[in-house]
Amino acid sequence: MPELPEVETYRRYFDLTALGKTIIHLEVEDHRQLTTDYDLLQQSLKGATLTDTSRIGKHFLITLSSGKILVLHFGMTGNLMYYRDAEDTPRFARVIFYFSNGYKLAFIDSRKFGRVGLADSIETYKKQKNLGPDALDVTLPQLKASLEKRKAPIKALLLDQSILAGVGNWIADEVLFQARIFPAKPANTLTNLELEHLHRAIQVVLQTAIDEEAIYHNFPKDFLIHSRGWEDSPKPVLEREVCPRHQSALTIAKMGGRTTYFCLLCQPV
DNA sequence: CTCAGTGTTCAGTG
DNA sequence: TCACTGAACACTGA
């Protein structure tokens with residue numbers, strides 16, 4: 001479920017496992033998941049050491065000893081696993097990096113929306129993908145400047161990676177719930193106070209999720225996410241889809257092209 | 001068998 | 001050109 005907190009959690013996992021290792025070989029199940037020609041990728045990665053990591057929004061960037069950047073994007077279902085024995089190869093391993101120490105790193109992705117490829121530099125990549133500031137770094141003035149002239153629903157713009165990078169569907173809903181803003185409200189009608197609340201909610205939701213390593217059931221009780229029905233032991237629908245503050249029924253609607261959960265009492269029109 | 005889905009991109013419209 | 005909307009993408013699992 002890779003939004004910014006998941007990708008940050010993957011990055012930390014990578015730093016504790018694959019970082020510093022040297023690639024000797026690459027296995028790719030489906031070339032359609034590559035954004036760089038297979039032969040070129042193989043050639044560029046063979047012998048390369050993974051020297052550093054960074055992240056912009058949901059994009060995971062790995063600096064190679066050659067100076068090139070290996071980019072992983074996890075799509076809807078991407079994940080990583082570092083392992084040694086072939087029998088531990090995870091199901092849906094789509095790309096496997098083999099290291100000189102005998103270990104492997106699997107890029108797991110059941111739905112195959114994830115992508116793997118090379119970039120010349122972090123800046124080039126950011127520009128090429130038209131990414132805005134990372135959602136953890138965006139300042140209130142930046143946020144205000146990119147929202148105040150836009151008429152689209154605020155939720156749709158929170159999902160726009162060129163405005164801020166890293167917010168996905170559940171975080172957009174969570175942030176708007178915490179900031180008590182109606183998701184379909186046109187962005188240019190947000191008051192300064194609402195923009196402040198929005199900015200603070202982005203920071204709080206993302207930092208909380210990262211601190212909990214993106215494990216949803218550990219999130220605070222007043223988080224809307226518990227009402228989405230992704231819990232480990234799903235409650236019946238009627239017990240689940242209620243506002244954590246009011247216990248009243250949530251509204252579920254399509255907004256910004258995605259399923260949107262919100263509370264009309266907390267987030268009035 | 002049908003359908004929704006955590007993300008991104010592109011075609012079409014105004 | 002820009003802002004915006006909605007469909008398409010590939011696949012799994014309910």
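Heavy atoms only: backbone and side chains are in, while hydrogens, waters and symmetry mates are out. We name chains A, B, ... by the order of the sequence lines, and we start the count at 1 in each one.
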In sequence, state the C-alpha distance, the side-chain angles, and the governing distance for Arg115(A) and Thr35(A), and then conclude on side chain to side chain donor-acceptor pair (under 3.5 Å). CA-CA 7 Å; Arg115(A) 293 293 179 265; Thr35(A) 57; over 6 Å; no
Presence of salt bridge, Lys58(A) and Glu3(A), under 4.0 angstrom: no
Which base sits across from dA14(C) as a Watson-Crick or G-U pair, both distances under 3.5 Å? dT2(B)
Just to be sure I understand the rule, does Lys129(A) reach a base, reach only the sugar-phosphate, or reach nothing, if contact means heavy atoms closer than 4.0 Å? sugar-phosphate
Touch check for Pro5(A), heavy atoms < 4.0 angstrom, all strands: base, sugar-phosphate only, or nothing? nothing
Produce a footprint string for nucleotides 7-14 of chain C: one letter per nucleotide, 5' end first; B if the base is under 4.0 Å from any protein heavy atom, S if only the sugar-phosphate is, - if neither. --BBBBS-
How close or far is atom P of dC4(C) from atom CE of Met255(A), stated in whole angstroms? 16 Å
Less than 6.0 Å separating the ring centroids of Phe74(A) and Tyr10(A)? yes
Rounded to whole Å, the NE2-C1' distance (His59(A) to dG7(B)) equals 9 Å
d(CG, Asn188(A); C1', dA3(C)) in whole Å: 12 Å
For Leu224(A), run the side chain to side chain contact (heavy atoms under 4.5 Å, CB included) check against Phe219(A), Phe262(A), Phe177(A) and tell me which one passes. Phe177(A)
Ring centers of Trp170(A), Tyr216(A) separated by less than 6.0 Å: yes
What verdict does the salt bridge (charged side-chain N to carboxylate O under 4.0 Å, His left out) test give for Asp120(A) and Lys68(A), after you've listed the backbone C-alpha separation in whole Å, the side-chain angles of each residue and the deciding distance to 0.1 Å? CA-CA 5 Å; Asp120(A) 286 330; Lys68(A) 286 261 189 187; 2.9 Å; yes
Are any of Lys151(A)'s side-chain N or O atoms less than 4.0 Å away from OP1 or OP2 of dC4(C)? no
Spacing of CG belonging to Leu159(A) relative to CD1 belonging to Ile154(A), to within rounding of 0.5 Å: 10.0 Å
Spacing between Lys254(A) atom NZ and dT5(C) atom C1', to the nearest angstrom: 14 Å
Distance between P atoms of dA11(B) and dA10(C) (Å, rounded): 15 Å
Look at His73(A) and dT8(B) and indicate whether a side-chain polar atom (N or O) is within less than 4.0 Å of OP1 or OP2. yes
dG7(B) P sits how many Å from Asn79(A) CG, rounded? 15 Å
Over how many whole Å does the gap from Ile163(A) atom CD1 to dT8(B) atom C1' extend? 15 Å
Rounding to an integer number of Å, can you tell me how far Leu157(A) CG sits from dG7(B) P? 16 Å
Under 4.0 Å between a side-chain N/O of Gln161(A) and OP1 or OP2 of dG7(B), yes or no? no
Round to a whole Å and report the spacing from NZ of Lys149(A) to P of dC4(C). 13 Å
Is Gly257(A) touching bases, backbone alone, or none of the nucleic acid, heavy atoms closer than 4.0 Å? nothing
